Amino acid sequence: MKKLTILVLSAAVAAGSPAAAELVFPSLSYRTGPFAAGGIPFADGYSDYMALLNVRDGGIGGVMTSVPECETAYNTERGVECYESTRGLGALVYQPLSTGITYQLIPRTTVDGIPLHTMGYGRTSAANGDVFSHTFNYPANYWDAASIIVNQLLEENDGSLEGQTIALLYHNSAYGREPIRTLETLAEMHDFEFLQLAVDHPGQEQGNQWLQIRRERPDYVVMWGWGVMNQVAIQEAINIRYPMENFIGNWWSGADHDVESAGADAAGYRSLNMNRLGDMPVFAEIQELVIDAGLNAGDGSNLGNVLYTRGMYAAFLAAEAAALAQEMSGVADIDASMMRDAMEALEITNEIMEAAGMPGIGPEFAVTCEDHGGTGMAIMQQWDGEAWVTLTDFIAPDDSVTQPLIDEDSAQYAAENGITSQCSDS
Amino acid sequence: MPEQLVFAMEVTLNGLMTGVMYSLVALGFVLIFKASGIFNYAQGVMALFAAMTLVGIQDGRVPFSHVINAIFGTHIYDFGWEVPALLAILLTVIVMIIFALLVQRFVFKHLVGQEPIILFMATIGLAYFLEGVSDLMWGSEIRNMDVGLPQGINDWIDVTTLEIFGYGFFIDNLDLAATLIAAILVMGLIAYSQYTKNGRAMRAVADDHQAALSVGISLNYVWILVWSLAGIVALVAGVMWGSKSGVQFSLSLIALKALPVLMLGGFTSIPGAIVGGMIIGVGEALFEFAIGPMIGGATENWFAYVLALLFLVFRPQGLFGEKIIERV
């Protein structure tokens, strides 16, 4: 009874105490369900980097970080519930890792004044900060990805794709259909034939699509997949003996688990990546100060893999914006509004990346009020049968193709939602 | 021979093989429905659970390691050994039998005599519970299924058809293996139900529960037997689909492909599940081949249901289902 009384009193005291200041970065993660294999390493990388900042630097600007996780199972309704249940914690920024959840959160976060960062996914035209005041998709978006792939193929074909056929194998969803307009424009511009092959969710059955690929023998197959669709597509490509080096995925179709089951047979398969891989000093620090100390979010096995590195990169960009917000506002315990302003003034240089122990992890870029999308650059990597190998430096997209599409789509969104120019006063 | 006709023949053959893969899932539904009248919503998750258990045992992983580590602060993930495929399959069969015992003991024993809709709801609960248990037990990572099944293009068919039609057909060795295994499975199940005492008891229960009880057949025992068989069928389906796509959570969604097969083939016929699967497989493949490109493709999921509904209009009990006649 005495113990119980002490426990109750302690709880009452704790509840009454003012909470210590924390910088809250909610993680709308998915560690369960059909897409968990992609969600787990990303969430691990995100949390582990924030944990490293706490252990190594005492947080950001002297304020500890906190990463409350909420399980969405990649389900849009649950994602919105997670947002509603965590925004009251003083959330500074959301990164839901889901295009479906992003579409639901764009209007909500705008009303609530909380920034939304959707790097390489979500609504592509959110790159137009003049319309989407609280949504950011730097360093790159889907349309950049489509343009980068075509640019790389042009480079490999002496600047001409005339008469060639490029097939797009895509997840039959808003996400999968995103690059179609860009590729149609590029096909017209460079005189290649564009073949569209839709794959129904979740992508376990692709037999008919690969029979068509075998019959029509497109010169290149570009994949816009996620989850099980990627592994099945890679296996089907192997089965029909499609030349793997001519099969190219976007950055959501190039994770370790996508190719590991096929192993050496998948050698040659290429994909984009918005973050460079390799042995970076930050990994040794995470291993020593976070994983070995038992402060890691997962089991530590994902350290350094593609999606772990991307999650860590996302956390790094959030942490840099938070530090900038502290500097701009002169306040250590910043709020979401200050965070938004800092994200709009964010500049990532090689010096900053090197200082964080991740030299060259991403391209250098600067965000402005009008441009929330960054430079849109990405590297191309190749599976050598055992590991991903970086093939190229950061490749730039063709802005003359992507920018008019962004302007057109965002103008339509602005008209539908009665949004006036956000940047006219700046 | 016209090129399009040759292509259509290749599509048809592949559709037949895909249909057999659907049938493997549908068989589990049929077994349970036939013996107990329960539409087992959890059949797809059972395939997932069986496949995850098989791979977990093969890789020597510690079940519930995440839970154990969270409670005791340990970092134990595997035993450090690998189990041969055949032994792992046998151990998984034992796990599925234990699962059947538990389901009967803790769920359906208490629901005897309830309305079919109550039993169906119970299987929905079971599906979500089992999915959670699978996650806790083996984790959510994608695992590679390797039980020695062949995979990739069959060179003999490729070369032979090239000589005959001037175009080599693609047939996946895994699909051929699935067809062979399905044929053995169906023959085994039919032989078991025709020529063994337990099989006859199963058929008696399927025909009339009351009559079977009156001659001393234990309903409880037969239902455990049926759930065990459905568990083994789920394991076979899990192995075949897991070999195709890796063992991961979307494996449970294969149950959605079994529904049109059941609607078409009937809920109570084992041959119906096979023939239904083949009709669905060929139908959706030919539709995707002929019409798909004109309407944006990705027609397989919905067209399977359209095809099943068309059959239902003319034969509500399915092709091989028993006609229900209720006298007032």
Side-chain angles (χ1 to χ4, degrees), chain A residues 30-41 73-74 170-173 176-177 195-212 214-215 227-236 238-241 255-258 260-263 265 291 294 298-302, chain B residues 3 7 10-11 14-15 17-18 21-22 65-66 69 73 75 77 131-132 135-136 139-146 151-153 158 167-170 172-175 241 243-254 257 281 284-289 292-293 296-302:
Chain A
Y30 37 99
R31 294 179 180 276
T32 61
F35 299 96
I40 290 170
Y74 198 70
Y170 65 96
H171 189 268
N172 196 21
S173 62
R177 287 189 287 268
L195 177 67
Q196 298 176 37
L197 299 165
V199 174
D200 256 336
H201 175 78
Q204 251 162 343
E205 293 165 84
Q206 300 175 31
N208 291 320
Q209 287 76 9
W210 284 95
L211 282 181
Q212 192 177 347
R214 188 166 177 267
R215 286 194 300 269
V228 69
M229 177 180 158
N230 293 340
Q231 294 102 46
V232 173
I234 289 165
Q235 187 57 54
E236 294 279 8
I238 294 164
N239 288 351
I240 69 157
R241 294 177 185 152
D256 301 77
H257 60 261
D258 292 331
E260 274 168 352
S261 55
D265 291 340
I291 296 174
D299 62 9
S301 62
N302 292 311
Chain B
E3 198 180 43
F7 292 157
E10 184 193 30
V11 168
N14 276 276
M17 304 281 172
T18 309
M21 296 283 276
Y22 299 157
S65 60
H66 292 285
N69 293 336
H75 288 87
Y77 294 101
E131 198 167 288
D135 189 11
L136 279 178
S140 306
E141 295 89 349
I142 298 172
R143 304 280 171 205
N144 196 18
M145 170 71 74
D146 183 13
Q151 202 158 3
I153 188 168
D158 185 26
Y167 177 77
F169 286 8
F170 170 82
D172 191 346
N173 281 318
L174 184 68
D175 289 342
W241 282 95
S243 299
K244 229 175 167 61
S245 60
V247 179
Q248 52 187 310
F249 270 77
S250 43
L251 210 62
S252 62
L253 301 177
I254 56 173
K257 296 305 298 201
E284 65 178 27
L286 282 176
F287 187 81
E288 175 67 21
F289 170 71
T299 59
E300 292 98 332
N301 278 0
W302 61 265

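Reminder, nothing fancy here: chain letters follow the sequence lines and each chain counts from 1. Everything numeric in this text was worked out from a predicted model, so none of it was measured.
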**Prompt:** Considering only heavy atoms, which portion of B:Leu251 lies under 4.5 Å from any heavy atom of chain A: side chain, backbone, both, or neither?
**Reply:** both
**Request:** For A:Gln209 and B:Glu300, run side-chain contact (heavy atoms from CB on, under 4.5 Å): C-alpha distance rounded to whole Å, both residues' side-chain angles, the deciding distance at 0.1 Å, then the answer.
**Result:** CA-CA 11 Å; A:Gln209 287 76 9; B:Glu300 292 98 332; 3.4 Å; yes
**Asked** Under 4.5 Å between any side-chain heavy atoms of A:Asn239 and B:Gln151, yes or no?
**Response** yes
**Message:** Can you tell me how far apart CD (A:Glu205) and NZ (B:Lys257) are? Round to the nearest 0.5 Å.
**Reply:** 4.0 Å
**Item:** Option that, when pairs with chain A are counted at under 4.5 Å, heavy atom only, ranks first among B:Ala285, B:Gly132, B:Ser250
**Value:** B:Ser250
**Asked** Measuring heavy-atom distances to chain A, does B:Thr299 have an atom under 4.5 Å in its side chain, in its backbone, in both, or in neither?
**Response** backbone
**Prompt:** A:Arg31 versus chain B, heavy atoms under 4.5 Å apart: side chain, backbone, both or neither?
**Reply:** backbone
**Point-to-point distance, once rounded to the nearest 0.5 Å, from NZ of B:Lys244 to CD of A:Gln231** = 14.0 Å
**Request:** For each of B:Ser140, B:Ser252, B:Pro293, tally heavy-atom pairs with chain A at distances under 4.5 Å, and name the one with the top tally.
**Result:** B:Ser140
**Message:** For A:Ile240, which atoms come within 4.5 Å of any heavy atom of chain B: side chain, backbone, both, or neither?
**Reply:** both
**Side chain proximity check, A:Arg215 to B:Val11, heavy atoms < 4.5 angstrom** = yes
**Fill in**
When the 4.5 angstrom heavy-atom criterion is applied to A:Tyr170 and chain B, the contacting part is side chain
**Under 4.5 Å from a heavy atom of chain A, the part of B:Tyr22 involved** = side chain
**Item:** Atom pair NE2/CG of A:His201 and B:Leu253 - distance to nearest 0.5 Å
**Value:** 6.0 Å
**Message:** As an exercise: rank A:Asn302, A:Val232, A:Val228 by heavy-atom pairs under 4.5 Å with chain B and give me the winner.
**Reply:** A:Val228
**Request:** State, to 0.1 Å, how close B:Gly297 and A:Ala198 come at their nearest heavy-atom pair, and which atoms those are.
**Result:** C-CB, 4.3 Å
**Derivation and outcome, side-chain contact (heavy atoms from CB on, under 4.5 Å), residues A:Ser261 and B:Ile142** = CA-CA 9 Å; A:Ser261 55; B:Ile142 298 172; 5.6 Å; no
**Prompt:** Which heavy atom of B:Glu284 sits nearest a heavy atom of A:Asn208, and at what distance?
**Reply:** O-ND2, 4.4 Å
**Message:** Counting only non-hydrogen atoms closer than 4.5 Å, does A:Asp299 touch chain B with its backbone (N, CA, C, O), its side chain (CB onward), both, or neither?
**Reply:** both
**Asked** chain A heavy atoms under 4.5 Å from B:Phe170: which part of the residue, side chain, backbone, both or neither?
**Response** both
**Prompt:** Does the salt bridge (charged side-chain N to carboxylate O under 4.0 Å, His left out) test come out yes or no for A:Arg214 and B:Asp158, once each step is laid out?
**Reply:** CA-CA 12 Å; A:Arg214 188 166 177 267; B:Asp158 185 26; 3.3 Å; yes
**Item:** Part of A:Gln235 within contact of chain B (heavy atom distance under 4.5 Å)
**Value:** side chain
**Asked** B:Asn301 versus chain A, heavy atoms under 4.5 Å apart: side chain, backbone, both or neither?
**Response** both
